[in-house]
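For reference, the structure discussed in these notes is given below.
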Protein chains: 4
Amino acid sequence: MAAMTEKRDNILDSALTLFAERGFDATTIPMIAKDANVGAGTIYRYFENKEVLVNTLFQYYVQVFTELLKKDFPEHHSIREQFHHLFQRMIRFTDEQEHALYFIKTHNAAYFLDDASREAFTDLWTILRDFLDEGKAENEIRDLPTLALIAIIFGGFLELHQLIRAGELERTEALMQGVENTCWDAVRHHP
Amino acid sequence: MAAMTEKRDNILDSALTLFAERGFDATTIPMIAKDANVGAGTIYRYFENKEVLVNTLFQYYVQVFTELLKKDFPEHHSIREQFHHLFQRMIRFTDEQEHALYFIKTHNAAYFLDDASREAFTDLWTILRDFLDEGKAENEIRDLPTLALIAIIFGGFLELHQLIRAGELERTEALMQGVENTCWDAVRHHP
Amino acid sequence: MAAMTEKRDNILDSALTLFAERGFDATTIPMIAKDANVGAGTIYRYFENKEVLVNTLFQYYVQVFTELLKKDFPEHHSIREQFHHLFQRMIRFTDEQEHALYFIKTHNAAYFLDDASREAFTDLWTILRDFLDEGKAENEIRDLPTLALIAIIFGGFLELHQLIRAGELERTEALMQGVENTCWDAVRHHP
Amino acid sequence: MAAMTEKRDNILDSALTLFAERGFDATTIPMIAKDANVGAGTIYRYFENKEVLVNTLFQYYVQVFTELLKKDFPEHHSIREQFHHLFQRMIRFTDEQEHALYFIKTHNAAYFLDDASREAFTDLWTILRDFLDEGKAENEIRDLPTLALIAIIFGGFLELHQLIRAGELERTEALMQGVENTCWDAVRHHP
DNA sequence: CATGAATGAGCGTTCATTCAT
DNA sequence: CATGAATGAACGCTCATTCAT
């Protein structure tokens with residue numbers, strides 16, 4: 001059972017790893033096929049072409065990430081606690097899905113992303129946007145365009161994640177704690 | 001007059017934009033040629049090959065940026081004033097060459113960079129590292145790995161810059177002022 | 001049946017003809033592909049690149065020729081009979097593969113030949129050299145540098161072969177007989 | 001004076017040397033221009049294109065060679081003396097025009113030769129043809145198709161010349177004497 | 001006339017995509 | 001359905017040829 005989509009999943013898994021490790025342009029379809037133990041032609045039974053494959057992958061992991069952030073969101077707790085929730089989930093996502101966030105980070109501005117992918121990425125931002133807007137209303141968050149604040153937190157966090165992935169920085173609890181504080185100090189309202 | 005290097009400059013300009021927007025691998029020589037309004041072969045009169053072109057470009061903008069940061073650096077002023085200098089120069093650099101910093105950030109670890117490019121990048125890196133290390137020594141900057149601090153500032157700032165370029169955010173003096181404060185609050189030591 | 005290597009053989013056949021007629025440098029991959037009725041990319045399924053193709057071809061025909069000369073060599077017969085054996089086999093080789101010997105002769109000193117090709121050619125050379133040296137030792141062959149004798153026989157024979165191929169001379173048994181005698185009179189010791 | 005064709009001569013000289021040393025395909029127009037101390041465009045003032053240049057060159061030297069063989073031909077001497085004359089002139093031509101015969105030898109079957117070049121080459125053979133026909137009539141020359149005899153002498157001689165040029169054989173008087181005897185023994189009538 | 005910067009066709013090669021099996 | 005051999009468009013790059021100076 002479930003054999004019908006097994007190949008599809010293998011293809012997606014292999015594609016994720018290879019896109020993260022080598023990038024979209026340097027990853028060939030035969031490479032993915034070999035890693036997924038399928039024929040090159042088989043990939044085209046599940047995905048119209050290479051761009052559809054990468055967009056499918058991108059949207060899937062952006063949605064997984066989005067849902068992870070949303071789930072168990074401490075609606076009625078303090079802004080600081082909500083920030084902690086979001087930040088910890090971001091960290092958890094990078095821990096659980098070794099390649100996913102790196103793939104998202106390195107491909108989120110790519111020329112081949114379609115509207116659905118860009119929209120999914122925007123949805124991800126919406127969570128942060130709503131949170132920050134609420135925080136600004138409560139005077140807990142700095143009065144700067146919300147988009148700008150997201151860019152700073154997200155851009156900073158992803159850049160850091162990239163360094164950890166590249167092995168240039170060690171992922172310790174202390175570091176993650178420090179980064180959370182850093183990002184919080186960046187966006188919080190300073191009296 | 002000055003027509004002798006006009007084509008070379010057009011090529012470099014087109015290459016910068018395309019490398020920044022699509023990346024080195026996804027940018028083809030015919031694309032650059034078309035954008036620069038020259039024949040594909042003409043590019044090879046000025047640059048030995050595609051890798052020499054990208055390295056020339058990389059070194060040029062890294063050096064321009066490095067010199068811009070170094071010039072008039074307020075050596076004996078406060079860490080905050082030094083931060084202000086660096087941040088304003090970074091803003092000025094992105095204003096003057098909207099693609100250059102993004103190009104540098106997305107290509108600084110690329111497989112095709114030669115020794116001169118890596119060296120130039122190290123020089124740039126050194127300015128920021130020395131500044132942050134000095135700041136940490138004076139207890140003015142947060143005690144986090146220097147690499148992490150640079151990642152957060154750059155990652156955040158560039159993500160923002162992308163939004164401005166995309167027209168999603170308007171570049172006002174007030175915004176830039178706010179972003180500088182945000183980044184300062186991120187990295188400064190909070191007593 | 002046997003369809004699996006049909007394309008490979010077509011490619012080799014076309015390459016042999018074109019390399020012989022135009023030379024390696026003037027023969028393009030598209031030319032070979034067109035002549036072999038395959039796509040240009042197909043050639044690269046069978047041969048890593050153009051140089052591997054030409055080396056494969058070279059080694060193959062040098063070996064075929066070498067073995068043809070060696071087989072049934074009348075070791076203990078007279079020099080004249082040995083000469084007859086070698087000459088008849090050379091004629092047979094050109095009859096069976098009209099371009100092969102000319103291809104070998106025009107490419108045996110080429111810059112793109114690899115070690116295996118040079119070695120194979122040396123083996124071929126050795127047969128003729130040993131025969132002529134033995135003949136000189138027995139005072140049956142003219143006392144001229146062995147290299148010169150080989151050059152004269154091969155140069156003469158191939159020039160003639162070209163005339164036959166061009167249709168300017170008819171290949172009759174009498175002609176071949178006459179040519180063998182001519183070449184023998186060229187190299188034999190005249191008392 | 002004579003300045004008007006000086007450039008043309010320089011171009012032809014450089015082309016001869018380069019075609020002989022590297023072959024037609026591996027010689028570029030800029031190479032010839034540089035060696036001849038003219039601009040690349042200048043070559044096109046004197047020769048319509050690269051093929052016209054190589055054909056002009058080919059025809060010129062084939063004619064020079066042809067005339068050298070014809071001049072002072074010992075019409076009423078013995079066949080053997082006439083053969084000696086022709087052979088010595090062949091040798092003299094290779095001595096005087098270091099690159100010319102090698103160029104002719106390596107390019108006489110090339111795909112780019114036009115009708116005039118092939119005709120000139122045929123004219124060269126005509127001298128040998130008339131001589132051999134006369135010799136056959138006098139029963140001094142072997143009874144084999146004249147074309148075949150020319151191929152053997154000429155092919156053999158040129159192949160040998162190539163070895164000398166390549167440095168694999170030393171050009172001594174004894175060798176040249178031996179080669180003449182070899183060729184004579186090849187074509188003469190053996191009673 | 002002479003030039004050489006500029007061009008673009010065509011090279012060797014790769015790889016996304018197709019389709020006969 | 002699954003495959004991988006085959007394809008050909010498009011890559012980076014070279015160089016014969018043109019033409020503004």
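Computed from a predicted model, the values in this text were never measured in an experiment. The chains referred to below are lettered A, B, ... by the order of the sequence lines, with proteins before strands, and numbering in each begins at 1.
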- [ ] Provide, to the nearest angstrom, the distance between the CG atom belonging to B/Asn37 and the C1' atom belonging to E/dG8.
- [x] 15 Å

Task: Rounded distance in Å - NZ (A/Lys34) to P (F/dA2) - done: 21 Å

Open item on the list: With a 4.0 Å cutoff (strictly under), does any side-chain N or O of D/Tyr46 reach OP1 or OP2 of E/dC1?
Closed with: no

- [ ] Could you tell me the separation between the CD1 atom of C/Ile43 and the P atom of F/dT7, rounded to a whole number of Å?
- [x] 10 Å

Task: Rounded distance in Å - CG (B/Asn49) to C1' (F/dT14) - done: 13 Å

TODO: Mark yes when over 12 heavy atoms from residues, nucleotides or ligands other than A/Glu48 sit less than 6.0 Å from its CD; otherwise mark no.
DONE: no

- [ ] Check whether any side-chain N or O of D/Asn55 sits under 3.5 Å from a backbone N or O of D/Phe112 as a donor-acceptor pair, and report yes or no.
- [x] yes

Task: Reference residue D/Phe19; test ring pair (Phe, Tyr, Trp, His ring centres under 6.0 Å); the match among D/Tyr61, D/Phe58, D/Phe24 - done: D/Phe24

TODO: Have a look at C/Ile29 and say if it touches a base, only the backbone sugar-phosphate, or nothing, with a 4.0 Å heavy-atom cut-off.
DONE: base

Open item on the list: Strictly below 4.0 Å: does B/Tyr44 bring a side-chain N or O up to OP1 or OP2 of E/dA6?
Closed with: no

Open item on the list: With a cut-off of less than 4.0 Å, is there a side-chain N or O of D/Thr28 near OP1 or OP2 of F/dC15?
Closed with: no

Task: Candidate nucleotides E/dA2, E/dA6, F/dA5, ranked by approach to the side chain of B/Thr42 - the nearest - done: E/dA6

Open item on the list: Taking C/Ile11's backbone N and O only, do any of them form a donor-acceptor pair with C/Ser14's side chain (distance below 3.5 Å, no angle check)?
Closed with: no

Task: Over-ring placement of A/Arg8 relative to A/Tyr46, 6.0 Å and 45° cut-offs - done: no

TODO: Measure from CE on D/Met31 to P on F/dC15 and round the result to the nearest Å.
DONE: 7 Å

Task: Upstream residue (5' side of DNA chain F) when B/Pro30 and C/Val38 are each assigned their closest nucleotide - done: C/Val38

- [ ] Check whether any side-chain nitrogen or oxygen of B/Arg45 sits under 4.0 Å from OP1 or OP2 of E/dA5, and answer yes or no.
- [x] yes

Open item on the list: Output the rounded distance in Å from CZ (D/Arg8) to C1' (E/dC1).
Closed with: 16 Å

TODO: Between F/dC1, E/dA16, E/dG4, spot the one nearest the side chain of D/Ala40, thanks.
DONE: E/dG4

Task: Nucleotide F/dT17, atom P - distance to NZ of D/Lys50 in whole Å - done: 8 Å

Task: Whole-Å distance separating the CZ atom of D/Phe47 from the P atom of E/dA2 - done: 12 Å

Task: For E/dT21, the Watson-Crick or wobble counterpart (both distances under 3.5 Å) - done: F/dA2

- [ ] Report the base-pairing partner of E/dA9 (Watson-Crick or G-U wobble, both distances below 3.5 angstrom), or none.
- [x] F/dT14

